[in-house]
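Chain identifiers are assigned alphabetically (A, B, ...) following the order of the sequence lines, protein sequences preceding nucleic acid strands; residue numbering begins at 1 within each chain.
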Number of protein chains: 2
Amino acid sequence: MRIELNYKSGQSPYLQIVEQIKYAVAAGSIESHDPLPSIRSLAQELRINHNTVAKAYTELERSGIIATRAGKGCYVTDNHSPLKKSARRQILSDAVDGVIVEAFHLKIDHNTYLQVCEERWSAFEKRRKEKRPTKN
Amino acid sequence: MRIELNYKSGQSPYLQIVEQIKYAVAAGSIESHDPLPSIRSLAQELRINHNTVAKAYTELERSGIIATRAGKGCYVTDNHSPLKKSARRQILSDAVDGVIVEAFHLKIDHNTYLQVCEERWSAFEKRRKEKRPTKN
DNA sequence: TAAACTGTACTAATACAATAGAACAGTTAA
DNA sequence: TTAACTGTTCTATTGTATTAGTACAGTTTA
């Protein structure tokens with residue numbers, strides 16, 4: 001799990017860390033109970049203040065993706081999202097709406113849209129299976 | 001086309017205007033060549049400074065969604081996205097990746113995901129057809 | 001031309017996000 | 001206990017986003 005900061009992207013470092021870790025968990029690069037690099041070591045590696053990493057980790061903890069314990073460290077959790085099914089579906093629905101608005105302005109047709117939706121899901125699925133072949 | 005500002009959302013007013021207009025165009029609530037409310041009249045209606053509305057309109061013009069002309073007003077354009085096909089598909093792909101990461105952390109399964117992707121597209125399509133039934 | 005409308009440009013005030021430094025507190029192991 | 005590691009809290013600084021006020025410029029129409 002390698003985190004890289006892009007200072008030209010315009011996105012703040014702490015948000016880049018949040019996104020990359022969320023992405024890595026979803027893609028199976030890191031799994032439940034895996035330890036994350038400690039706040040200070042990651043900060044040193046990225047040459048930023050440790051509070052910037054701490055802010056990213058706090059945000060991830062708030063989302064239920066990781067757990068932090070003073071003195072121990074940070075770990076990926078397995079119980080993401082305590083929301084009930086209908087609420088989770090609503091959040092997804094809003095996110096999909098955003099993509100559809102984007103697709104419309106990009107003049108993308110229905111078939112291409114569906115194709116991309118399926119392709120990308122398969123790509124994530126594949127990476128997760130490659131990472132833990134015995135568990136599936 | 002009614003724009004409403006939510007001051008509790010945390011999103012800045014000018015971005016709310018941008019999003020709502022992009023959404024309205026994608027949903028067919030406003031169509032190509034339709035006039036938008038003038039900068040000053042919309043500002044007065046929303047009780048904000050006209051430069052805030054101007055900023056939103058500038059952003060929309062930069063995205064190729066509307067055209068503004070001093071003295072005349074602002075109109076929805078029809079030529080969105082001058083990017084080539086592969087680039088547009090790449091942008092969509094990245095946006096879909098974001099949704100998939102979100103879906104994973106929401107513990108949403110493949111079927112539900114695909115169902116929502118299709119459902120929401122149909123909902124937009126339906127609204128556009130209802131708006132201009134003779135054109136399709 | 002004059003008035004009333006359009007959008008635009010410039011400047012300044014304010015608020016907030018982002019980052020950093022220093023000191024604090026919990027955990028482990030020698 | 002002590003040392004070395006963990007995360008946490010507090011405060012301060014910096015930079016930038018956001019908004020607003022004012023003055024300017026283009027277009028239309030009476």
Side-chain angles (χ1 to χ4, degrees), chain A residues 1 3-22 25 30 32-77 79, chain B residues 1 3-22 24-25 30 32-77:
Chain A
M1 132 114 280
I3 291 176
E4 291 182 5
L5 296 182
N6 176 5
Y7 286 99
K8 298 181 221 161
S9 72
Q11 197 180 29
S12 59
Y14 96 90
L15 274 181
Q16 290 186 44
I17 295 170
V18 169
E19 274 203 11
Q20 287 181 41
I21 290 179
K22 281 179 97 164
V25 172
I30 45 178
S32 295
H33 309 296
D34 279 356
L36 290 165
S38 79
I39 287 179
R40 279 183 176 75
S41 64
L42 181 55
Q44 189 173 20
E45 185 185 328
L46 299 176
R47 299 183 188 197
I48 57 180
N49 189 279
H50 63 266
N51 278 326
T52 303
V53 177
K55 185 172 184 180
Y57 279 21
T58 300
E59 175 75 18
L60 287 164
E61 188 171 29
R62 213 180 47 76
S63 304
I65 292 169
I66 70 171
T68 70
R69 289 258 295 282
K72 296 242 186 173
C74 304
Y75 300 84
V76 177
T77 56
N79 272 336
Chain B
M1 135 108 278
I3 291 174
E4 290 182 4
L5 295 182
N6 176 3
Y7 286 99
K8 297 181 220 160
S9 73
Q11 197 180 29
S12 59
Y14 96 90
L15 273 182
Q16 290 186 44
I17 295 170
V18 169
E19 275 205 8
Q20 287 181 41
I21 290 179
K22 281 179 97 164
V25 172
I30 44 178
S32 295
H33 308 297
D34 279 356
L36 291 164
S38 79
I39 287 179
R40 280 182 176 74
S41 64
L42 182 55
Q44 190 173 18
E45 185 186 328
L46 299 176
R47 300 184 188 195
I48 57 179
N49 188 278
H50 64 265
N51 278 325
T52 303
V53 177
K55 184 171 184 180
Y57 279 21
T58 300
E59 175 75 18
L60 287 164
E61 188 171 29
R62 214 181 45 76
S63 303
I65 293 169
I66 70 171
T68 69
R69 289 258 295 283
K72 296 243 186 170
C74 303
Y75 300 84
V76 178
T77 55

Gap between atoms [atom1] and [atom2], on [X] and [N] respectively (whole Å):
X	N	atom1	atom2	answer
A/Glu59	C/dT19	CD	C1'	16 Å
B/Leu60	C/dG7	CG	C1'	15 Å
A/Tyr57	D/dT9	OH	C1'	19 Å
B/Arg62	C/dT8	CZ	P	15 Å
A/Gln11	C/dA17	CD	P	16 Å

Could you tabulate the donor-acceptor pairs under 3.5 Å formed by side-chain atoms of residues 35-49 of chain B, not counting sequence neighbours?
unit_1, atom_1, unit_2, atom_2, d
B/Ser38, OG, B/Ser41, N, 3.1
B/Ser38, OG, B/Ser41, OG, 2.9
B/Ser41, OG, B/Ser38, N, 3.2
B/Ser41, OG, B/Ser38, O, 3.0
B/Glu45, OE2, B/Arg2, NH1, 3.4
B/Asn49, OD1, B/Asn51, N, 2.8

**Study point:** DNA chain C-proximal residues of residues 35-55 of chain A, any heavy atom under 4.0 Å
**Key:** A/Arg40, A/Ile48, A/Asn49, A/His50, A/Asn51, A/Thr52, A/Lys55
**Study point:** Residue whose closest nucleotide on DNA chain C lies nearer the 5' end, A/Tyr7 versus A/Arg69
**Key:** A/Tyr7
Partners meeting side chain to side chain contact (heavy atoms under 4.5 Å, CB included) with [X] (sequence neighbours left out):
X	answer
B/Lys55	B/Tyr14
A/Thr58	none
B/Ala24	B/Met1, B/Ser29, B/Ile30

Exercise for review: Look up atom CG in A/Leu60 and atom CD1 in A/Ile17, then write down how far apart they are to the nearest 0.5 Å.
Suggested key: 9.0 Å
Point to revise | Interatomic distance, A/Ile21 atom CD1 to A/Ser63 atom OG [nearest 0.5 angstrom] | key: 11.5 Å
Could you tabulate the donor-acceptor pairs under 3.5 Å formed by side-chain atoms of residues 3-10 of chain B, not counting sequence neighbours?
unit_1, atom_1, unit_2, atom_2, d
B/Asn6, OD1, B/Lys8, N, 2.9
B/Asn6, OD1, B/Ser9, N, 3.4
B/Ser9, OG, B/Asn6, O, 3.0
B/Ser9, OG, B/Gln11, N, 3.1
B/Ser9, OG, B/Gln16, NE2, 3.2

Review point. Counting a pair only when it is Watson-Crick or G-U and both distances are under 3.5 Å, which runs of at least 3 such pairs involve DNA chain C?
Key: C:1-30 with D:1-30
Practice item. Sorted by first residue and then second, give each salt bridge (charged side-chain N to carboxylate O under 4.0 Å, His left out) pair with at least one member in residues 59-73 of chain B; sequence neighbours left out. Key: B/Glu59-B/Arg62
Exercise for review: Mark yes or no for whether B/Thr77, through its side chain, and B/Ile65, through its backbone, hold a donor-acceptor pair below 3.5 Å.
Suggested key: yes
**Study point:** side-chain N/O B/Thr68 vs C/dG7 OP1/OP2, d < 4.0 Å
**Key:**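 For C/dG7, neither OP1 nor OP2 has a side-chain N or O of B/Thr68 closer than 4.0 Å.
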Enumerate the protein-to-nucleotides 28-30 of chain C contacts in which both atoms are nitrogen or oxygen and the separation is below 3.5 Å.
unit_1, atom_1, unit_2, atom_2, d
C/dT28, OP1, A/Lys72, NZ, 3.0

Check your understanding: Which part of the nucleic acid, if any, lies within reach of A/Tyr14 when heavy atoms closer than 4.0 Å are counted: base, sugar-phosphate only, or nothing?
Key ->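 Here A/Tyr14 touches the backbone only, sparing every base.
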